[in-house]
A.B. asks: 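Quick one: the structure is below, questions incoming.
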Amino acid sequence: MGILEREIAVFEGMRDLLERDHLYKWVVIYGEELCGIYDDFQDAAADATVRFGRGPYLIRQVGAPPATLPASLQFRPVNYADN
């Protein structure tokens, strides 16, 4: 299981509790730990960047529907050490 997949699994495992107590807030998950709960994306991203650099880390809005991406958009992780 990759890093982001593990962080997504942590989020999914906490989903019921988060939706009960923090609906529509933004959360940062790093590794296997919930690291913060924020009122808006900008605060979550700013704190995650300061604490964890470029990541990877998961920022997700609690209770938001899953994002869908068009088929034309591809995601490919970048390993900056290879550049």
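Values reported hereafter were calculated over all heavy atoms of this structure, with side chains retained and with hydrogens, waters and symmetry mates removed.
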A.B. asks: How long is the span from the CD1 atom in Ile8 to the CD1 atom in Ile3, to the nearest 0.5 Å?
C.D. replies: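 CD1 of Ile3 is found 12.0 Å from CD1 of Ile8.
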A.B. asks: According to side chain to side chain donor-acceptor pair (under 3.5 Å), who are the partners of Glu12, at least two apart in sequence or on a separate chain?
C.D. replies: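 Listed in chain order: Arg15.
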A.B. asks: Quick one: which residue pairs count as a ring pair (Phe, Tyr, Trp, His ring centres under 6.0 Å) with a foot in residues 8-29, not counting sequence neighbours?
C.D. replies: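 Every pair satisfying ring pair (Phe, Tyr, Trp, His ring centres under 6.0 Å) with a residue in residues 8-29: Trp26-Phe41.
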A.B. asks: Mind listing the closest non-hydrogen atom pair of Val28 and Ala44 along with its distance?
C.D. replies: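 It is CG2-O, 3.7 Å.
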A.B. asks: Looking at every non-hydrogen atom in both residues, tell me the closest pair between Gly63 and Leu23 and how far apart they are.
C.D. replies: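 Of all heavy-atom pairs spanning Gly63 and Leu23, the closest is CA-CD1, 3.8 Å.
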A.B. asks: Using the salt bridge (Lys or Arg N to Asp or Glu O under 4.0 Å) criterion, which residues pair with Glu33? Sequence neighbours excluded.
C.D. replies: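 Salt bridge (Lys or Arg N to Asp or Glu O under 4.0 Å) check on Glu33 returns nothing, list empty.
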A.B. asks: Among residues two or more places apart or on two chains, list those pairs meeting side chain to side chain donor-acceptor pair (under 3.5 Å) that have a residue in residues 34-47.
C.D. replies: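 Of all non-adjacent pairs touching residues 34-47, those that pass side chain to side chain donor-acceptor pair (under 3.5 Å) are Lys25-Asp39, Tyr38-Asp47, Asp47-Arg51.
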A.B. asks: Does any part of the side chain of Leu34, heavy atoms only, come nearer than 4.5 Å to the side chain of Leu18, both counted from C-beta?
C.D. replies: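 In contact.
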A.B. asks: Which residue pairs satisfy the ring pair (Phe, Tyr, Trp, His ring centres under 6.0 Å) criterion with at least one member in residues 47-66, sequence neighbours excluded?
C.D. replies: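 Found Tyr30-Phe52.
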A.B. asks: What is the minimum heavy-atom distance between Ile59 and Ala48, and which atoms define it?
C.D. replies: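 Nearest heavy atoms, Ile59 then Ala48: CD1-CB, 4.4 Å.
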